[in-house]
Visitor: 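Structure in structure tokens, see below.
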There are 2 protein chains.
Amino acid sequence: MGDITARRAMRADARRNRDRLLSEARAAFLEHGTDASLEEIAARAEVGVGTLYRHFPTREALLETVLRERFDALAAAARRLVDSRSAREALIAWTGDFVETTTVYRGLTAALTATLRDRTSALHASCEAMREAGTTLLIRAQEAGDVRADVTPMEFLALVAGVSWAREQMAGGELRGDRLLPLLFEGLERLG
Amino acid sequence: MGDITARRAMRADARRNRDRLLSEARAAFLEHGTDASLEEIAARAEVGVGTLYRHFPTREALLETVLRERFDALAAAARRLVDSRSAREALIAWTGDFVETTTVYRGLTAALTATLRDRTSALHASCEAMREAGTTLLIRAQEAGDVRADVTPMEFLALVAGVSWAREQMAGGELRGDRLLPLLFEGLERLG
DNA sequence: CCGGTAACCGGAGGCAGTCTCCGATTGAGT
DNA sequence: ACTCAATCGGAGACTGCCTCCGGTTACCGG
């Protein structure tokens, strides 16, 4: 749902335009963050705005299609990590991936938390799946005694998202982005 | 600087309009967050947009006037806390105030970090003063051995801002807002 | 009390962005 | 080749930001 995956194959021109739009959208999101101008995307794809809005009724629908792959990959990574390495390392690795993913486009972290809150959103399902996958990893780490047991999955996600947001805010400043996550993590480790 | 504090007293109507604008701005920011419509604020103050923009040339100038008191109070609180209680408790108390303050208006945390980055902003001075006050508190806590010594002030601020942001995002959901800060804090305590 | 003038007001209008609507166009079956 | 449903494209309605300047008014000196 959201975009067009009709039973009938799309007409050739429609398919062409859709692909072109997605490609330009990726570029625009990279350059201007998640609130890049949709008109500009349409223009760069050499297509009218009407065409853009028919393929992707809302900005979110467009974002969804651009991001779904990554999010699903993240969920898959979590599932794969469940039975490899130590629980602690698995959680660390996955969290790193999470931050990496939510940092590709400026403003993405905000879009993600908004999606998590809005049950009607097109991206909601993907986010939810990802969240649950991460939750499993957290609980395993807690059972292994690597992370303090009184942290709820929601709290954990909030903290990690906060770090991700902070990193994207302070980018370019006098702050090494890769320091925040370890700091948080070492703090959540079970105290001696 | 930023708003009008001319040497000559303002004309009565000007003063009246300015006060009215500030009052409505506070209400609007509360209701719609920091990107409330300026036109609506002007309308609610029964004044033309031109009048609003003359008194406050940019949205930021308006925000500044609305927030300066609070920010200065925060900086003052930090200075007062420097020589009372334990260093640890002082830092905790101040950080709590910080989060409290940046949570009054939705979007304020983002506005604050943006201001911290933009040296030309009207709010910059206030933010900077506040940041330095907080820094003093952090260093004292580190010297007392209450907080791990390898955390830079910038990192500390980033983490706290991240928590503040997360709290404002997840508001209303299944997350107790007052849990995040303690979690972060206990984590930053010197490991035994 | 009464100008005169500097200070102030207000909203029209330019700009940019989002989104809708519908006449024109075109791909794809027959 | 012909048809028509699918698709296109952009005009236009709307909202918000910000500027500009002709009209208004508070205040001061007379």
Side-chain angles (χ1 to χ4, degrees), chain A residues 2-25 28-29 31-66 106-107 111 114 120-122, chain B residues 2-25 27-29 31-66 106-107 111 114 118 120-122:
Chain A
D3 65 325
I4 295 170
T5 47
R7 50 188 62 181
R8 293 280 272 201
M10 297 172 66
R11 243 168 63 173
D13 53 349
R15 160 115 255 134
R16 216 179 11 248
N17 284 335
R18 187 174 183 282
D19 290 348
R20 187 105 185 257
L21 279 168
L22 278 175
S23 158
E24 296 300 338
F29 286 148
E31 194 168 346
H32 303 293
T34 53
D35 40 36
S37 160
L38 296 187
E39 293 211 319
E40 194 193 311
I41 292 176
R44 276 168 43 163
E46 292 178 311
V47 142
V49 270
T51 302
L52 189 158
Y53 279 99
R54 195 170 336 95
H55 283 293
F56 308 100
T58 72
R59 151 174 271 112
E60 211 178 35
L62 180 55
L63 242 185
E64 186 215 356
T65 310
V66 168
R106 209 165 352 108
T120 72
S121 151
Chain B
D3 65 326
I4 296 171
T5 47
R7 48 188 63 181
R8 292 281 271 200
M10 298 173 65
R11 244 169 63 171
D13 53 347
R15 161 115 256 135
R16 216 178 13 246
N17 284 335
R18 188 174 184 283
D19 291 347
R20 187 105 185 256
L21 279 167
L22 278 175
S23 158
E24 295 300 337
F29 287 149
E31 194 167 346
H32 303 294
T34 53
D35 41 36
S37 160
L38 297 187
E39 295 215 317
E40 193 193 312
I41 292 176
R44 275 167 45 161
E46 292 178 310
V47 142
V49 271
T51 301
L52 188 157
Y53 279 99
R54 194 168 338 94
H55 284 292
F56 309 99
T58 70
R59 149 175 272 113
E60 213 176 36
L62 180 54
L63 242 185
E64 184 215 357
T65 311
V66 168
R106 211 167 349 110
D118 172 19
T120 73
S121 152

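Keep in mind that what you see is a predicted model, and the values were worked out from it rather than measured.
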Visitor: For Asp35(B) and dT15(D), give me the distance from atom CG to atom C1', rounded to whole Å.
Guide: 14 Å
Visitor: Base, sugar-phosphate or nothing for Ala36(A)? Non-hydrogen atoms, less than 4.0 Å.
Guide: sugar-phosphate
Visitor: dC9(C), OP1 or OP2 - any side-chain N/O from Asn17(B) closer than 4.0 Å?
Guide: yes
Visitor: Measuring to OP1 and OP2 of dC17(D), would you say a side-chain N or O of Ser37(B) lies under 4.0 angstrom away?
Guide: yes
Visitor: Measuring from Ile41(B):CD1 to His32(B):NE2, what's the distance to the nearest 0.5 Å?
Guide: 8.5 Å
Visitor: About how many Å separate CG of Leu22(B) and NE2 of His55(B), when rounded to the nearest 0.5 Å?
Guide: 9.5 Å
Visitor: Return the value, rounded to whole Å, for the distance between atom CD1 of Ile41(B) and atom P of dC18(D).
Guide: 12 Å
Visitor: I'd like to know if Arg54(A) reaches the base of dT7(D) with its side chain such that a donor and an acceptor end up less than 3.5 angstrom apart.
Guide: no
Visitor: Roughly, in whole Å, what's the span from CG in Asp13(A) to P in dT7(D)?
Guide: 8 Å
Visitor: Can a side chain N or O of His55(B) be found less than 4.0 Å away from OP1 or OP2 on dC8(C)?
Guide: no
Visitor: Return yes if the base of dA28(C) and the side-chain atoms of Arg11(A) contain a donor-acceptor N/O pair under 3.5 Å, otherwise no.
Guide: no
Visitor: Using whole Å, what does the distance between atom C1' of nucleotide dC9(C) and atom CZ of Arg20(B) come to?
Guide: 15 Å
Visitor: I need the Thr58(A) OG1 to Leu38(A) CG distance, nearest 0.5 Å.
Guide: 9.0 Å
Visitor: How many Å lie between CZ on Arg18(A) and P on dG27(C), as a whole number?
Guide: 19 Å
Visitor: When rounded to the nearest 0.5 angstrom, what is the spacing between CZ in Arg18(B) and OG1 in Thr65(B)?
Guide: 5.5 Å
Visitor: With respect to the side chain of Arg59(A), which nucleotide from dC8(C), dC27(D), dT18(C) is positioned closest?
Guide: dT18(C)
Visitor: On DNA chain D, nearest-nucleotide positions of Glu39(A) versus Val47(A): which is more 5'?
Guide: Val47(A)
Visitor: Look at the side chain of Arg106(A) and the backbone N and O of Glu31(A), then say whether any donor-acceptor pair between them is shorter than 3.5 Å.
Guide: yes
Visitor: Expressed as a whole number of angstroms, how long is the span from Leu38(A):CG to dA16(C):C1'?
Guide: 13 Å
Visitor: Taking atom P of dT25(C) as reference, at what distance in whole Å does atom CZ of Arg16(A) sit?
Guide: 18 Å
Visitor: Figure out the CG/C1' separation between Leu52(A) and dT7(D), and round it to whole Å.
Guide: 14 Å
